[in-house]
Asker: 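Please read through the structure below; I'll follow up with questions.
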Amino acid sequence: MAKPGIPQGTRDFGPETVRKRNYIFHTIRQVFELYGFQPLETPAMEHLETLMGKYGEEGDKLIFKILNNGLSDPKNTGKAREAFENVVAGKNDKNLTERALRYDLTIPFARYVAMNHGQLTYPFKRYQIQPVWRADRPQRGRYREFYQCDADVVGSHSLLNEVELAAIYTRVFHCLGLPVSIRLNNRKILAALAEVCGGSDKMTDITVAIDKLDKIGLEKVKEELWQRGLSESQVGTIEKYLAIEGTNEEKLASVKSLLAGNETGGKGIEELEYVLNYGSPANLLVVDLTLARGLNYYTGIIFEVKALNVQMGSIGGGGRYDDLTGLFGVPGVPGVGISFGVDRIYDVMEELRLFPADVHTGTKVLFFNLGEAESRLAFLLGQALREKGVAAEIYHELAKFDKQFKYAERKGIRYAAIIGPGELAGQEVKLKDLQTGLQTTHSLQAFGELSFA
RNA sequence: GUGAUUGUAGCUCAGUUGGUUAGAGCACCAGAUUGUGGUUCUGGGGGUCGUGGGUUCGAACCCCAUCAGUCACCCCA
C-alpha cells in the first residue's frame, strides 16, 4: 500500500487549528456583517475561459486546470491527442481542459455580478469566505490551497467605500490584537508617473520594478528599469519619485509637484487625500508610493496590509477596479474590494502568540466511568448539562482513574465529575476542578444547578 | 518555471578516516499505585536508515538516478 499523503502545499487542520482558524473567520465575518455586506458563495471550479487572462501572464500559469472526463472514449481520443499538442505548446484547449479551480474570489464575483446584474440591488455589497487554489511552489506563508475573505462593493464610484473598507481592515486587526500597517497608493499616480516618463505602455514594467524597492534596493531597481528600456532621464524621474518620504501629507505634496500638470496624477492624489482626511484612524493608514500590486485589473486606490514585527508577505490587499464586469459583457459597473489572507494571518498570530487561551475550550465536564450503574447516572446528568448548553462527555469505558484523568487533561477539559459506588449509594457527585485541584461534593439537585460558566 | 538544502523510531534529532546486533530525549504501553491526573522510578514495544540502482569483502555514511519536504528567486494572500 502506498504511504498516505496529501498534495504539496495543502494541509490537514487538526481540532486545535480549526478552532483557531474559526476564531479568525468569525471575527472577519462579524465585521463584514456590521458594515452591511452580504454573504455569497461560488463553485470551486469555473470555466477556464472565465479565469484566463485576468491575472496577467504569470497569474495564468498558476491556475490549476482540471482534466476533462471521458478522454478515453474512442470518439474523443482523436481530438484529445490534437488538444494535447496544443497544451504542450503552451495553449489551452477545450478538448482537454475546460474547467479550472478558482484562483481568487474577485473574478468569480465579477462573473456572478455579470450573470445577475439585472436582479441585483446596487450598490451590491458582498462578502465571500472560501478557499482558492494556486499552482505556486509552496514556501513560508505560501500554500497551494488557502482561504481568502473578500468584501467588495460594486455599482458605486463613491470614495466612501474606500473609507469604509479601510475602517474594516482597522477594526478586524484591532479585534484580533494584531499590529499592522495599512498601506495605500493609487494606480492613477503610477499611471501618471508612467505618462510623465514617456510611455503609459511601460506602466507595468515600472510598477513591477519599483514594487521591489524595499527588497532589492534603489540600485537594482534602476538596473531593472534600464534593462526594461527606459532612458536615463526617465529613470531619473523615477528615482526622484522613489526618494519621496515623510508624513502622508508631505509625500502627497512632493508627488504633486513632481507630477505637476498631469491630470490623472492630480485625480489620484485628490482621492488619497479624500480618504485620508475622512476622519478614519489615519495613524494606521500609510501612503506608500511604491505599492503597486500585481493583479492588473486595479485602476484606483489600492490597499495592502503588512503585519508589524514579523517576516511575512502581505496579509491582505485590495483596491478599486473600474470595469471588472466589462470583461464579462456588462460594462460600466465599478467596484472596490479588499481581501484577508487567513492562512497568513494564522501563521503570524501563531508566531506572535496572539490567540486567546479560551479558543481551545471544547468539552467542559468529563464524567468518569466507574461502573455500569454509575455511568447510567452519569449519562442522565450529562444529558441534563447538554440541555443547558454545557458540553459534556462520559468516558467511553470502564478504566483506571489515572487514565480517565489523563484523557481529561489532554483534551483540556476543566471539570471531572466523579460518580463511583459510594457516590451512587449516597446520590451525590464529586466534582474536581482540574485547574485548581479543588474537589467539591454536590447532591444531584445541587449539581444540576451548577452553571459551569 | 529557476536555484539551494534536507530526508535515520509516532515526534525532535545523534550517528566519519565505510566495519559486529543503528542510538538518545519526548511520546506510547505495562508495573510500582485494585477510587484521585500532572512529578518520580522500573520494564517494554517500535526503524526495509525516503525509494531504486552502483562501487566495495562490507554502505545510514561514497557515486548516480528518482521521489518527498524546506528555503530563496519569480509572483503573490
Side-chain angles (χ1 to χ4, degrees), chain A residues 2-11 24 28 55-63 90 102-106 129-150 169 180 204 207-209 211-212 215-216 220 224 291-296 303-307 311-319 337-348 366 368-371 374 395 398-425 430-441:
Chain A
K3 272 188 195 171
I6 56 177
Q8 189 181 34
T10 66
R11 298 149 298 159
I24 300 174
I28 294 172
Y55 308 107
E57 208 174 311
E58 291 299 320
D60 285 354
K61 286 186 199 158
L62 301 181
I63 294 172
R102 83 164 92 75
Y103 178 91
D104 73 353
L105 302 179
T106 307
I129 299 179
Q130 288 189 281
V132 303
W133 295 269
R134 296 186 187 178
D136 233 344
R137 192 86 78 85
Q139 55 184 272
R140 179 184 161 79
R142 172 181 294 185
Y143 305 98
R144 289 186 144 184
E145 177 183 66
F146 62 97
Y147 269 74
Q148 289 193 330
C149 307
D150 278 26
Y169 267 144
V180 296
T204 307
T207 53
V208 166
D211 197 32
K212 297 178 193 163
K215 208 175 209 168
I216 63 177
K220 297 247 174 171
E224 192 162 328
L291 178 63
R293 297 197 52 73
L295 299 172
N296 57 9
F303 300 97
E304 191 158 293
V305 184
K306 297 262 309 183
Q311 187 66 39
M312 177 65 78
S314 65
I315 56 176
I338 56 172
S339 179
F340 290 83
V342 170
D343 302 78
R344 284 186 178 176
I345 292 171
Y346 177 93
D347 289 347
V348 170
L366 176 71
F368 275 26
N369 189 330
L370 299 168
E374 290 83 352
Y395 195 79
L398 193 60
K400 285 192 192 173
F401 253 65
D402 77 323
K403 228 179 154 168
Q404 304 198 37
F405 268 120
K406 276 183 179 157
Y407 177 79
E409 186 195 350
R410 270 204 296 213
K411 255 187 108 169
I413 299 172
R414 175 145 185 199
Y415 297 99
I418 300 167
I419 304 169
E423 288 79 11
L424 184 63
K430 287 211 172 88
L431 184 69
K432 181 160 183 173
D433 181 333
L434 301 191
Q435 237 167 56
T436 62
L438 294 178
Q439 185 167 305
T440 48
T441 306

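Letters go in sequence order (proteins before strands), and every chain restarts at 1. Side chains are part of it too, since the values below use all heavy atoms of this structure and drop only hydrogens, waters and symmetry mates.
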Asker: When you compare B:U39 with B:U5, how far apart are their P atoms, in angstrom units rounded to a whole number?
Answerer: 42 Å
Asker: Taking the basic N atoms (NZ, or NE/NH1/NH2) and the acidic carboxylate oxygens, is any pair closer than 4.0 Å for A:Glu409 and A:Lys406?
Answerer: no
Asker: Tell me, for nucleotides 29-41 of chain B in 5' to 3' order, what letter each nucleotide earns: B for a base near a protein heavy atom under 4.0 Å, S for only sugar-phosphate near one, - for neither?
Answerer: --S---BBBB---
Asker: Under the criterion salt bridge (charged side-chain N to carboxylate O under 4.0 Å, His left out), I'd like the reasoning laid out for A:Arg134 against A:Glu145: C-alpha separation, chi angles, the key distance, then a yes or no.
Answerer: CA-CA 7 Å; A:Arg134 296 186 187 178; A:Glu145 177 183 66; over 6 Å; no
Asker: Reckon A:Gly56 touches a base, only the sugar-phosphate, or nothing at all at heavy-atom distances under 4.0 Å?
Answerer: nothing
Asker: Would you mind classifying the nucleic acid contact of A:Lys306 as base, sugar-phosphate or nothing, using non-hydrogen atoms under 4.0 angstrom?
Answerer: nothing
Asker: Tell me: CG of A:Asp211 to C1' of B:C73, nearest whole Å?
Answerer: 15 Å
Asker: Quick one: does A:Arg137 reach the base of B:C74 with a side-chain donor-acceptor pair under 3.5 Å?
Answerer: no
Asker: Side-chain N or O of A:Gln139 versus OP1/OP2 of B:U70: is the shortest distance under 4.0 Å?
Answerer: no
Asker: Write down the distance separating the C1' atoms in B:C13 and B:C49, rounded off to the nearest Å.
Answerer: 14 Å
Asker: Answer whether the closest heavy-atom distance between the side chains of A:Asp433 and A:Tyr415 falls below 4.5 Å.
Answerer: yes
Asker: So what's the dot-bracket for RNA chain B: Watson-Crick or G-U pairs under 3.5 Å, [ ] if a pair crosses, | if it pairs off-strand?
Answerer: (((((((..((((.....[...)))).(((((.......))))).....(((((..]....))))))))))))....
Asker: Under 3.5 Å, is there a donor-acceptor pair between the A:Asp104 and A:Tyr55 side chains?
Answerer: yes
Asker: How long is the line joining CG of A:Leu62 and C1' of B:G1, in whole Å?
Answerer: 10 Å
Asker: What's the closest nucleotide to the side chain of A:Arg140 if the choices are B:C71, B:C75, B:G69?
Answerer: B:C71
Asker: Within 45 degrees of the axis of the six-membered ring of A:Phe146 and under 6.0 Å from its centre: does A:Arg344 put its NZ or CZ there?
Answerer: no
Asker: Among residues at least two apart in sequence or on other chains, which ones pass salt bridge (charged side-chain N to carboxylate O under 4.0 Å, His left out) with A:Asp343?
Answerer: A:Arg11, A:Arg21
Asker: Can you find a heavy atom in the side chain of A:Leu105 that is under 4.5 Å from one in the side chain of A:Gln130?
Answerer: yes
